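To start, the structure under review is shown below, and the notes come after it.
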Number of protein chains: 2
Amino acid sequence: SDVYKRQILPSPYWPLIRGIVASRGGVPVEVPFWDRLGQPGFDPEAAIARAITDRSVALYLNSPNNPTGRLLSDDLAAALARLAARHDLWVLGDEAYEDLVYADEAPPPLWTRADLQGRIVTTHTFSKSYGIAGARVGYTHGPHDLMKAVRGVQTFQVYCAPKPMQIAAARALREAGGWVRQAREAYAQAARRAAAALGQPVPEGSTFLFFDAAPAFEPGEDLLAFLTRVLETTGVLLTPGVSSGADYPTHVRLCFTSVPPEDLDRALALLAPIFGRA
Amino acid sequence: SDVYKRQILPSPYWPLIRGIVASRGGVPVEVPFWDRLGQPGFDPEAAIARAITDRSVALYLNSPNNPTGRLLSDDLAAALARLAARHDLWVLGDEAYEDLVYADEAPPPLWTRADLQGRIVTTHTFSKSYGIAGARVGYTHGPHDLMKAVRGVQTFQVYCAPKPMQIAAARALREAGGWVRQAREAYAQAARRAAAALGQPVPEGSTFLFFDAAPAFEPGEDLLAFLTRVLETTGVLLTPGVSSGADYPTHVRLCFTSVPPEDLDRALALLAPIFGRA
């Protein structure tokens with residue numbers, strides 16, 4: 001049974017992962033992590049280590065990270081791999097944004113690391129790389145014995161990915177490399193424009209800016225009231241930070257790839273003054 | 001938690017339902033039922049009643065039934081509805097074959113019954129009616145509060161049906177009524193030809209014949225050896241009855257809609273002598 005098994009979720013995290021863990025009887029353990037990377041006094045390895053108990057079974061790693069756009073460095077990946085080995089944890093690798101890295105030099109993907117072989121199970125999706133989230137196609141790989149269990153769950157949960165979408169995905173793999181390169185360049189430009197307009201650091205990957213919006217709140221305003229005001233005055237829907245972890249009650253997530261560049265520029269021009277950028 | 005909750009599966013049943021129940025922590029309770037309907041001395045209501053304990057939470061009803069092609073009569077449905085009410089059971093209605101009924105007069109679908117309102121949750125699929133199982137599209141309806149829980153599971157399990165397939169399904173609903181009527185007539189003919197060729201009763205619905213193949217076994221042959229011999233000598237793959245319940249160790253399932261009519265006739269001509277029909 002999965003009951004009482006703790007899964008460590010470095011936060012902020014992909015909003016669905018908490019419920020995925022909890023709905024299978026696992027216990028999600030949130031560890032503020034991605035937004036702290038590089039901050040003075042923050043020891044990311046120690047932060048994860050403190051969360052591990054003898055009930056811990058897995059560590060979820062999503063690099064590039066939704067929502068911060070941060071990448072796990074080679075050194076930090078090695079440190080977490082040592083932790084996982086010491087405590088015999090599975091590593092759940094989420095490669096949703098693997099093709100959307102804007103940094104010049106990116107560390108190798110976690111699933112290619114020798115020090116994670118035998119304990120990492122990795123999920124890829126066509127949703128982000130190929131812009132077809134509605135197709136519901138992806139793939140998972142990992143150690144042979146673990147994949148037997150994954151196939152068992154798949155059979156009784158979804159049976160298979162929709163076949164027409166599998167055929168589309170196979171064609172995307174063969175023919176859409178050029179599209180992905182163009183999209184990445186367009187997304188990188190959108191990332192730079194969004195970061196500049198709102199005074200945020202340029203994300204290393206993913207499709208988001210994630211930052212504390214508290215300085216922009218009006219007196220007495222909470223996150224929901226703020227998001228509602230932004231929506232009503234600008235037409236832009238920002239995502240509440242609490243969906244990415246309890247530690248982010250005043251953060252917001254902006255997706256800079258959900259509209260064409262000209263619409264993004266219009267949105268940024270409307271948002272900038274709200275965030276004190278005239 | 002679902003742990004130790006018993007779900008009653010009248011057998012023979014759709015091969016996937018047992019694992020779906022078990023993989024969520026439920027306890028599947030098999031009750032030989034569909035193939036016994038109408039047999040002297042078999043009391044279907046008493047058979048289900050005997051399986052109910054205070055750990056029972058749900059009764060799965062799939063009419064037309066995969067694999068027997070049997071329908072639940074109006075009287076029997078009323079008796080089971082009384083049982084469900086008395087023991088406060090959910091009824092899980094599986095309408096996969098709702099459009100594939102060949103009997104002249106069919107009882108009303110379970111989900112339309114007044115005596116099941118408030119306790120029946122019903123799933124429909126486009127897989128069988130429209131021949132698009134690979135599209136992975138269907139829908140579920142039931143009491144308001146229960147549907148909140150269903151939506152929660154959906155969010156963290158599949159998120160949504162693939163959008164292109166939803167669009168195809170919507171178009172099928174609007175435009176494919178004529179196709180369904182033609183398919184039903186073609187399937188009804190296939191059902192009659194298959195039943196006649198193998199000396200079985202004509203199924204009232206579904207796409208299967210289901211019968212005990214033991215008389216056709218050679219000395220020392222078990223089900224797997226028999227199925228292998230049939231496959232190797234005729235090219236026809238029959239499904240093992242044990243997939244539909246522990247009570248069917250020598251039964252087989254034949255799907256009469258998986259090939260065009262001329263291929264079916266060729267298969268039946270090869271199968272008939274094996275089952276003693278020269």
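Convention: sequence-line order gives letters A, B, ...; per-chain numbering from 1. Only a predicted model underlies this, so the values are computations on that prediction, with no experimental measurement involved.
- The minimum heavy-atom distance linking A:Ser23 with B:Phe156 is given by the pair OG-CB, 3.7 Å.
- Heavy atoms closer than 4.5 Å to chain B are found in the backbone of A:Ala161, but not in its side chain.
- With chain A as the partner, the residue from B:Val153, B:Val158, B:Val137 showing the most heavy-atom pairs under 4.5 Å is B:Val158.
- If you tally non-hydrogen atom pairs under 4.5 Å between each of B:Met165, B:Lys163, B:Arg136 and chain A, the highest count goes to B:Arg136.
- Residue B:Ala135 comes nearest to A:Pro162 through the heavy atom pair O-CB, 3.8 Å, listed as atom of the first residue, atom of the second, then distance.
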Residues 250-257 of chain B side chain polar contacts: donor-acceptor under 3.5 Å, at least two apart:
unit_1   : atom_1 : unit_2   : atom_2 : d
B:Thr250 : OG1    : B:Asp212 : OD1    : 2.6
B:Arg253 : NH1    : B:Asn66  : OD1    : 3.0

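- Annotation for B:Gly134 and A:Pro164: closest pair O-CD, 3.7 Å, computed over non-hydrogen atoms.
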